[in-house]
2 protein chains.
Amino acid sequence: MSARNTDTKEEILRIGKQLIQFYGYNAFSYADISRELNVKNAAVHYHFRGKEDLLMALIQNYIDNYQLLAQQLKASNLKAIGKLDKFIERYSMLCETNSICIIGSIASDFNTLPNSVKEKVTELINLVMSLVEQTLSEGKRKGELAFTEVARTQALLLMTNLAAGVQLARISGKKDYEAIRKAIIRQVKV
Amino acid sequence: MSARNTDTKEEILRIGKQLIQFYGYNAFSYADISRELNVKNAAVHYHFRGKEDLLMALIQNYIDNYQLLAQQLKASNLKAIGKLDKFIERYSMLCETNSICIIGSIASDFNTLPNSVKEKVTELINLVMSLVEQTLSEGKRKGELAFTEVARTQALLLMTNLAAGVQLARISGKKDYEAIRKAIIRQVKV
DNA sequence: AGGAAAACTTACCTATTAGTAAGTTATTAT
DNA sequence: ATAATAACTTACTAATAGGTAAGTTTTCCT
């Protein structure tokens, strides 16, 4: 038999993330994951009892990841624009692969999800929103950014531009995403 | 037997639209429709051979609807802000029922759809985008609106704010949508 | 009134989905 | 070395999905 893969669990998460961002939560199955990993679907169930548990772990992964980003940005000596760039870059990468952000993907399927997942998504949204909002308001305070809306509203505008930007890019092309990306920066530049 | 319903086809479209906006394309089945209509699922297949055909008809419905709106706005003597309001109102109504726009819903499932549907969605997007873009540029020309981006980019920003706005509202609440809606207007007001 | 066409129902089918119970193999700790 | 545990596979479910063929009922047209 082939050598045992000790990080199947992480591989499942990696593939699950890819699938949800490319096809959507209700459009992929455990069979898709097990096929790509060359294991049986029961192996996926071993690591994540049900699809709901996998989704929960996936969202938690995102939360951990954004918490890490928040720390890194705090520790860095980047200006506000640089910090926003680091954030926006993630969406640009999604766009490259015709994928959409997990928040947008889940938002579409939101009404089919159990409450536990809904709450976890809310946690993720709150984290991302406060990261963007703080970056914006701190940047404004330091004179590195300029905008007229309150920081929270400006963060909402920025977030929705990005989230729907990658969605739209799938349909009408990547140039539209690029136009949005540049306009976002112009909106907050001094 | 009960009286025959002669507009089953339109009812199917109505319910299908509701389901796709509330649950998403890959999360509803013909059984959901037939149950609500008190017919058998074969009856749904009689009117729309397959799910793909139903989706096509649904998108065509939207196209017709937006073409009508474009005509109505052209024929009206509303100012640009008033025209935008008519457009935005549609999203506000979606938000009220925890629904999202069909474009956002389909964008999430885009990579699972056959090419015929993809092309039809592109047609819809182009129509909506040109409606918004024209309203914006005409408003600017008449001095009723003011913004610094080119009209096409401003339309992209507005569209993405709305599309993701209703998505976000599902998760973080309707107040966020309201904040976005008001900010959109401020962005283009003279 | 009678026939054609429309609008269904009945009764299937096949594929897939999420999931489980029980057994097997490999790894680790003692 | 061995027992426990982790990481699987084998071999199933039951439910649902999307779909079809053939028959029945209703409506429309003449």
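Comparing dC8(D), dT10(C), dT10(D) against the side chain of Thr8(A) picks out dC8(D) as the nearest.
Applying the ring pair (Phe, Tyr, Trp, His ring centres under 6.0 Å) test to every pair with at least one member in residues 29-69 of chain A, sequence neighbours left out, gives these pairs: Tyr30(A)-His45(A).
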Each nucleotide of nucleotides 15-23 of chain D classed B (base within 4.0 Å of a protein heavy atom), S (only sugar-phosphate) or -, in 5' to 3' order, makes --SSBB---
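Spacing between atom CG of Asp7(A) and atom P of dT27(C) amounts to 14 Å, rounded to whole angstrom units. In this structure, Lys40(A) places its NZ atom 17 Å from P of dA18(C), rounding to the nearest Å. For the pair Leu37(B) CG and dT9(C) P, the interatomic distance rounds to 10 Å; values are reported in whole Å. Spacing between atom CD1 of Ile33(A) and atom C1' of dA18(C) amounts to 12 Å, rounded to whole angstrom units. When rounded to the nearest whole Å, the span between CD1 of Ile12(B) and C1' of dA7(C) equals 11 Å.
Residue Tyr46(A) is the one, among Asn38(A) and Tyr46(A), whose nearest nucleotide of DNA chain D lies closer to the 5' end (criterion: closest heavy atom).
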- Task: List the steps and the verdict of side chain to side chain donor-acceptor pair (under 3.5 Å) for Tyr23(B) and Ser105(B).
- Result: CA-CA 9 Å; Tyr23(B) 294 116; Ser105(B) 184; over 6 Å; no
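A salt bridge does not link Arg14(B) to Glu10(B): none of the charged nitrogens lies less than 4.0 Å from a carboxylate oxygen. The pair Glu178(B)-Lys175(B) does not meet the salt-bridge criterion, since no charged nitrogen lies less than 4.0 angstrom from a carboxylate oxygen.
A cation-pi arrangement is not found for Lys189(B) relative to Phe147(B), the charged atom failing to lie both closer than 6.0 Å to the ring centre and inside a 45° cone about the ring normal.
Taking the six-membered ring where tryptophan is involved, the planes of Phe87(B) and Tyr91(B) are tilted, since the angle between them lies from 30° to 60°.
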